[in-house]
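Below, chain A is the first sequence line, B the second, and so on; all start at residue 1.
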Amino acid sequence: MSTAPARLARRPARSVPAAVLALLAIAAGGTGLWLFGSFLLDGAWPAAAAEAVSAVGATRLDSTPILIGAGLLGLLGLLLALSGIAPGDPGRRAILADDVPGQTAVSRRDLAHRVQRRIEHVDGVRDARVSVRRRRVDVLVRTPLEDTATVARRTRAEAEAALASLRPSTPLRPRVRTAHLR
Amino acid sequence: MRTVSGRRNRTVLVLSGLLMMLAAAWVASAATPVLDLWPAGDPVLPHGDSRPADIAAAHSSWLLPTAVAASLLVTVGGILLLIAQIPTAPPRESVRVTDRDDHLLGSIAPGVLERALSDALGAIPGVTDASLRLGGGAAEPWIQSTVSVSEESETGWVAETVRRRLIDDVTTVLGTAPVRVDLLVRLSSARAPRTARVGEHSTAAPAETALV
């Protein structure tokens with residue numbers, strides 16, 4: 001077992017799909033142990049499952065129910081494999097890089113809140129919503145002013161200043177959209 | 001910080017997914033003309049008119065024990081995978097303090113040092129809360145720290161000061177600089193007020209008060 005801690009800003013660990021896979025494995029394996037174990041020990045299928053097992057055993061492999069089951073199994077396998085391959089968006093971002101070994105990181109949510117609070121002070125902004133993507137920050141501001149272009153320009157400048165103060169290791173480009181309040 | 005092994009999860013997901021797709025493709029091949037195109041695959045590929053009961057009867061000598069063993073493996077594997085989703089932290093050991101001749105002078109529980117170091121971080125302006133985890137022993141110490149930074153402070157300055165302080169303090173105590181310092185910064189952000197109040201402490205009209 002490694003004694004070094006994991007990096008702060010890393011790819012998602014995919015705990016949810018892994019937990020789903022674990023539960024499916026326990027269910028499938030447990031059912032198999034019950035069925036095959038009973039047949040191995042008693043020479044017959046369990047009474048509660050005998051009818052279902054006989055029905056499945058008598059079904060042709062090229063029949064529609066079998067093909068549907070195979071299709072669902074293949075689809076599930078594809079989803080699981082893709083969830084393992086896709087890098088995903090890290091929940092934390094490395095910021096303030098320096099010459100000290102190690103990382104300084106901030107959560108995506110804190111980063112979005114900080115940018116949002118700075119933007120809310122911009123003249124003309126009624127409220128703002130900020131979400132942090134992999135390489136950009138999406139900002140939606142609502143303003144009662146008619147001159148939305150000026151509000152967008154000021155908002156972009158404030159967002160860039162907020163991001164510059166934190167110096168994210170992966171540059172984040174703000175994308176600003178405005179909505180006029182009537 | 002407690003974490004779950006992402007590398008292990010992703011490896012299991014990819015392998016399991018590929019296995020499922022392979023099994024599905026094998027079953028689905030019974031409804032395709034694969035055997036007509038590839039007659040050599042007859043011993044391993046299923047026939048469209050085959051039934052699971054017929055296949056089981058033809059290979060009963062080894063198929064049933066294999067199915068039981070496979071079910072047991074899958075069940076145990078699922079239980080282990082589920083347990084592995086519980087976040088764990090890397091182990092820490094007591095810090096052994098030695099003299100120049102490598103004679104043991106004493107040992108310090110990691111928690112004692114951690115409390116002292118986190119208390120020192122709390123004295124840094126801008127830090128509202130701090131906690132840390134120290135590991136790697138006296139030979140190659142590493143630190144993972146979490147600090148909460150107030151909104152009014154300069155985050156970059158606070159983070160740099162915290163990291164420098166940790167390096168200096170650990171070097172002073174253990175005689176070795178930490179090999180790694182990870183810092184998680186929690187930013188507190190208060191909501192901007194929606195209204196601005198002018199002259200609220202005066203009973204006179206705000207405009208007249210401002211002109212005086």
Side-chain angles (χ1 to χ4, degrees), chain A residues 2-8 10-15 17-19 21-23 25-26 28-30 32-33 36-37 39-40 56-62 66-67 70-71 73-74 76-78 80-81 83-85 92 96 98 100-106 110 113-114 117 120-121 165-167, chain B residues 1 3-6 9-10 12-14 16-21 23-25 27-28 30-31 46 48-53 64-65 67-68 70-72 74-75 77-79 81-82 85 90-91 135-136 142 144 155-156 159-160 163 167 179-187 189-192:
Chain A
S2 169
T3 58
R7 294 192 311 158
L8 290 182
R10 57 186 180 275
R11 298 187 306 171
R14 300 299 191 208
S15 292
L21 175 61
L23 292 173
I26 292 171
L33 274 177
F36 300 124
F39 196 90
L40 190 66
V56 172
T59 308
R60 286 171 59 113
L61 287 183
D62 60 356
I66 295 289
L67 289 178
L73 181 65
L76 178 63
L78 181 65
L80 291 176
S83 71
I85 293 171
R92 298 179 186 144
L96 301 168
D98 56 16
V100 176
Q103 281 184 324
T104 301
V106 66
D110 280 356
H113 281 168
R114 176 56 66 92
R117 298 297 177 243
E120 285 173 350
H121 288 87
S165 69
L166 294 175
R167 299 201 319 263
Chain B
M1 283 145 216
T3 58
V4 174
S5 173
N9 280 354
R10 287 171 180 271
V12 171
L13 284 170
V14 170
S16 301
L18 290 176
L19 206 60
M20 286 182 189
M21 287 192 284
V27 172
D49 56 356
S50 297
R51 291 174 170 76
L64 187 58
V68 173
S71 298
L72 183 62
V74 168
T75 305
I79 292 172
L81 183 61
L82 196 60
Q85 304 316 307
W142 53 258
Q144 276 198 334
T155 305
E160 184 183 350
R163 288 164 71 88
I167 292 172
V179 298
R180 188 165 141 193
V181 178
D182 289 327
L183 177 63
L184 177 62
V185 177
R186 297 198 191 280
L187 304 174
S189 303
R191 194 178 184 85

With a 4.5 Å cut-off on heavy-atom pairs, point out which of [options] contacts chain A the most.
| options | value |
| --- | --- |
| B:Ala24, B:Gly6, B:Ala23 | B:Ala24 |
| B:Leu82, B:Leu64, B:Val27 | B:Leu64 |
| B:Val12, B:Asn9, B:Val14, B:Val179 | B:Asn9 |
| B:Val74, B:Leu184, B:Leu81 | B:Leu184 |
| B:Ser50, B:Ser16, B:Ser5, B:Ala28 | B:Ser50 |
| B:Ala67, B:Pro52, B:Ala53 | B:Pro52 |

Which bit of [X] comes within less than 4.5 Å of chain B, counting heavy atoms only: side chain, backbone, both or neither?
| X | value |
| --- | --- |
| A:Leu78 | both |
| A:Thr59 | backbone |
| A:Arg167 | neither |
| A:Leu33 | both |

Residue B:Arg51 excluded, over 12 heavy atoms near CZ under 6.0 Å: yes
Minimal non-hydrogen separation, [X] against [Y], with atom names:
| X | Y | value |
| --- | --- | --- |
| B:Gly78 | A:Ala22 | O-CB, 3.3 Å |
| A:Leu80 | B:Leu13 | O-CB, 3.6 Å |
| A:Ala81 | B:Met21 | CB-CE, 4.2 Å |
| B:Arg10 | A:Ser83 | NH1-O, 3.9 Å |
| B:Ala30 | A:Leu61 | CB-CB, 3.7 Å |

A:His113 NE2 to B:Arg186 CZ distance, which is reported to the nearest 0.5 Å: 13.5 Å
B:Thr3 OG1 to A:Arg10 CZ distance, which is reported to the nearest 0.5 Å: 5.0 Å
Heavy-atom proximity to chain A below 4.5 Å, by part of B:Arg163: side chain
Engaged part of B:Leu19 at the chain A interface, taking heavy atoms whose separation is under 4.5 Å: neither
Side-chain donor or acceptor of B:Asp182 paired with backbone N/O of A:Gln103 under 3.5 Å: yes
Okay, side chain of A:Ser15, backbone of B:Gln85: is any donor-acceptor separation there less than 3.5 Å? no
For a side chain to side chain contact (heavy atoms under 4.5 Å, CB included) check, start with the C-alpha distance between A:Leu21 and B:Met20, then their side-chain angles and the critical distance, and finish with the verdict. CA-CA 11 Å; A:Leu21 175 61; B:Met20 286 182 189; 3.8 Å; yes
Among A:Pro12, A:Ser165, A:Ala28, who wins on heavy-atom pairs under 4.5 Å with chain B? A:Pro12
Per-residue tally against chain B (heavy atom, under 4.5 Å) across A:Val56, A:Leu67, A:Ile26 peaks at A:Ile26
Under the criterion side-chain contact (heavy atoms from CB on, under 4.5 Å), which of A:Thr104, A:Asp110, A:Leu96 is the partner of B:Val185? A:Thr104
